[in-house]
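Whatever order the structure lists ligands and atoms in, that order sets their numbers, starting from 1.
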Amino acid sequence: MFARVILDHATNKAIDRMFTYKIPKDLLEKCKIGTRVKVPFGFGNRNKTGYLIEISPKIEDVSYTIKNIIDIMDKEPIIDMEQIDLLKFLVEYYGASYASSINAILPPVSAKAIEDAKQQETYIVRTASSDQICEYLDSNESKKSKSKQLSILATIITHGEAPLSEIVRSIGKCDSSINTLIGKGFIKKIKKEVEQTKSKILYNKFMTLNTEQKLAYDKIMASDDLCILLEGVTGSGKTEVFLHAIRDVVDSGKGVIVLVPEIALTKQTQDRFIERFGNIVALTHSRLNAGERKQIYLKAKEGRVQIVIGPRSAVFMPVKNLELIIIDEEHDASYKSELPPKYNAIEVAIWRMSRNNGKVILASATPSIETYYKAKTNQIEYATLTQRAGGASMPNIEIVDMRDELAAGNNNVISSRLHGQIEATLKADKQVMLLLNRRGHSTFISCRKCGFVMKCHHCDMPFTYHQRQNQLICHYCMYQEEVPAICPNCQNKHIRFFGNGTQKVEEYLNRHFENFGIARMDFDTTSKKGSLNEILTAFKERKTNVLVGTQMISKGHDFSNVTLVGIIAADSSLYMEDFRANERTYQLLTQTLGRAGRGKNKGNVIIQTYSPDNPVLYQVKLSKHKEFYEQELDIRQVLGYPPFAHLFVVLMTADDEQLLIEKINMLYRYYEYYNKKKKFKIIGPVQASIPRIANRYRYKITIIGEDRELILLYGRYCIDKFSDKESTDFIKISWDVDPKSMI
Ligand code: ADP
Ligand code: ZN
């Protein structure tokens with residue numbers, strides 16, 4: 001018998017593959033697929049640990065002698081068959097290494113799982129007779145007191161005792177009621193050591209679905225399709241629909257994974273799940289330590305946890321009897337990993353559910369163009385929600401032309417219209433959210449008087465300003481141009497590159513509205529553990545009343561008191577050099593304005609822009625949802641971009657820019673040489689949008705082709721050929737298939 005083994009910690013590319021070993025007779029019995037094995041490796045026969053991936057009775061002839069496995073390290077497999085297949089999928093589909101794929105799938109093997117502390121639970125027990133309690137319940141005194149006391153006593157009378165956590169889950173925070181009842185001598189708190197039992201689902205916490213939600217829910221449950229797009233306007237109750245779907249799956253003893261963008265893992269989201277499902281929910285996030293991660297992993301595998309919620313990496317969780325994966329805000333770019341293995345969590349989810357006969361639900365108010373296209377062409381099922389749930393209406397949207405502001409002598413980042421609205425809103429005791437999307441380093445040049453944007457003559461794409469060379473460069477064809485001193489369109493000299501930070505806006509707000517409480521939420525203010533929730537809680541509790549931030553504020557937050565949302569500069573993302581600029585802008589604006597007027601009061605949205613004629617802004621303003629998607633699909637088709645093609649992006653980096661340019665041009669010639677039939681479009685080499693990181697210069701080549709498999713083959717083949725023939729000292733090459741951001 002022979003075993004195929006991959007080595008643990010195969011950091012070197014040459015040893016990151018399957019190796020064949022013989023299984024000695026005395027180990028045959030203990031040998032199971034998925035266990036770790038000890039093997040001799042290399043000339044010195046050093047002992048190494050590996051994972052046993054396949055067992056087969058024979059192998060192809062080889063010219064070398066096959067060594068024996070030394071020992072089996074685990075009694076039971078630590079990787080199951082699905083995980084092994086998943087590993088192979090990552091290696092084949094993404095061209096990932098075994099080492100990085102193992103890392104993604106398994107928790108750190110050496111970590112010690114955090115033990116469930118012997119559950120010390122606080123219980124509430126009865127200390128008075130039922131008669132005494134009933135007498136109190138009938139008395140006038142109790143009628144004046146709160147309903148919470150009554151619910152607590154009712155529970156205690158029926159059960160004699162109950163865990164405090166379950167009481168809180170069912171009636172909410174009730175410290176003072178408990179203290180009153182203790183004072184009256186009816187109950188007391190005791191600590192008990194208990195076996196953790198699985199919480200029951202609280203059915204009364206689920207809202208009754210409205211007609212539209214019910215239709216969507218029925219469609220999802222009845223569908224035979226593997227994948228379903230649940231598209232619903234912001235606040236339409238998508239979450240409520242998939243909570244119902246989760247309930248059904250959990251009820252039948254099966255498991256669920258819910259993916260959310262990292263930032264949406266707020267207290268609010270957690271509470272919504274925990275109040276309904278209790279301790280069968282586990283949350284993962286990037287700040288868990290290795291032990292905590294392993295604990296959740298084991299609980300999920302054993303079925304003690306049936307619902308795992310987390311960011312993209314949670315898609316690998318070995319949830320027992322996994323039958324449903326939900327991807328909330330499916331358009332979010334964070335679902336595509338930019339670190340090896342460079343997987344897309346949506347694709348992995350679909351792979352897993354296809355293998356398990358389960359379902360994937362993609363939920364969003366603004367699906368990605370790729371997902372929309374799949375729904376449109378019936379590759380996936382499609383359910384929609386068109387109305388806000390709970391009676392809230394969509395907000396008013398107003399576009400403010402910032403060119404007029406400048407003409408009127410207002411140089412500030414906030415227009416007089418928005419200023420007036422902020423003032424009115426705060427005086428009416430309502431709250432304000434302001435979005436300023438300034439991400440990435442690329443900036444575009446535009447005229448502040450006429451709004452003219454400098455674009456490349458060959459590609460009609462906006463130039464990117466490169467500060468170091470003080471040049472405008474087209475990232476699509478490398479064409480360069482001087483920065484003009486005056487606007488080529490209107491001869492005004494107020495031409496400048498765009499860029500206004502959140503800090504600048506905060507300063508302005510503090511100057512004018514300091515008394516109302518101003519908070520800023522961006523990468524800088526939220527990097528400390530817990531700081532994000534602090535900012536959100538202060539805003540919710542109305543300690544602050546204006547929240548200014550980057551795209552972080554656009555996601556998932558449900559503040560019923562916010563009636564004004566301002567978008568400081570819609571342009572900054574419209575003219576990013578990414579071909580997804582329109583899509584991103586549409587999504588960001590739609591999501592952000594979805595934060596306004598979620599309560600009883602109608603919301604207002606003000607969008608500030610230097611290019612009010614841009615069709616995307618109008619499509620957002622007039623809710624021309626379908627028109628936007630159809631138009632964007634047309635553009636993608638004409639340009640030959642996804643979903644009509646696939647991209648293979650090669651990034652080369654080096655300390656020495658001269659050497660880097662030489663090398664990447666060499667690599668480019670390989671691509672040209674092997675592209676004789678002109679199957680692929682090769683773009684570049686161009687400087688990457690972030691030209692230098694940690695003292696390394698960065699250049700890229702983008703290859704576009706229709707066949708994903710072919711482009712992966714061709715893309716890698718040329719890199720291999722290049723690396724074989726040319727020296728790759730001092731340079732690093734990495735690549736990605738269908739990346740979601742073009743940095
Ligand atoms: P989405 O996920 O589409 O943004 P949510 O599920 O967060 O929407 O719901 C938006 C708001 O509407 C929430 O405050 C939620 O409690 C409320 N809601 C959702 N469904 C219903 C319903 N069937 N009846 C009443 N209110 C609802
Ligand atoms: Zn160009």
At what distance is the nearest protein heavy atom to atom 20 (N) of ligand 1, and which residue and atom is it? Gln213 NE2, 3.0 Å
Glu329: heavy atom below 4.0 Å from ligand 1, yes or no? no
Between Glu583 (side chain only) and Glu632 (backbone N and O only), is there a donor and an acceptor less than 3.5 Å apart? no
Would you say Met207 has any N or O atom under 3.5 Å from an N or O of ligand 1, going by distance alone? no
Would you verify whether the NZ or CZ of Arg276 falls within 45 degrees of the ring axis of Phe206 while also being under 6.0 Å from that six-membered ring's centre? yes
Quick check on contacts: which atoms of ligand 1 are under 4.0 angstrom from a heavy atom of Asn210? 23 (N)
Any Lys/Arg nitrogen of Arg542 or Asp429 sitting under 4.0 Å from an Asp/Glu carboxylate oxygen of the other? yes
Region of Thr208 that comes within reach of ligand 1 [heavy atoms, distance under 4.0 Å]: backbone
Below 4.0 angstrom from a heavy atom of Glu240, which ligand 1 atoms are there? Numbered from 1 as shown, please. 6 (O), 20 (N)
Ionic contact status for Arg580 with Glu370, cut-off 4.0 Å: yes
Checking side-chain polar atoms at under 3.5 Å, does Glu240 have a donor or acceptor matched by the opposite partner on Tyr217? no
Any idea which protein heavy atom is nearest atom 2 (O) of ligand 1, and the distance to it? Thr239 OG1, 2.6 Å
Regarding ligand 1, does Ser236 bring an N or O atom to under 3.5 Å of one of the ligand's N or O atoms? yes
shortest atom 11 (C) of ligand 1-to-protein heavy-atom contact is with Asp558 OD2, 4.1 Å
If you have a sec, work out which protein heavy atom is nearest atom 9 (O) of ligand 1 and how many Å separate them, to one decimal? Gly237 CA, 3.6 Å
Would you mind checking if Glu166 and Lys200 are paired as a salt bridge, meaning a charged N to carboxylate O distance below 4.0 Å? no
Is it true that Glu381 and Lys359 make a salt bridge, defined as a side-chain N closer than 4.0 Å to a carboxylate O? no
Quick one: look up the protein heavy atom nearest atom 7 (O) of ligand 1 and list residue, atom name and how far away it is. Arg272 NH1, 3.1 Å
Please verify the inter-ring angle class for Tyr372 with Tyr629; under 30° counts as parallel, over 60° as perpendicular, anything in between as tilted. parallel
Using a 3.5 Å distance criterion without hydrogens, assess whether the side chain of Glu506 forms a donor-acceptor pair with backbone atoms of Val548. no
Of all the non-hydrogen atoms in the protein, which one sits nearest to atom 4 (O) of ligand 1, and at what distance? Gly235 N, 3.1 Å
Just jot down the ligand 1 atoms closer than 4.0 angstrom to any heavy atom of Ala389, in number order. 12 (O), 18 (N), 19 (C), 20 (N), 21 (C), 27 (C)
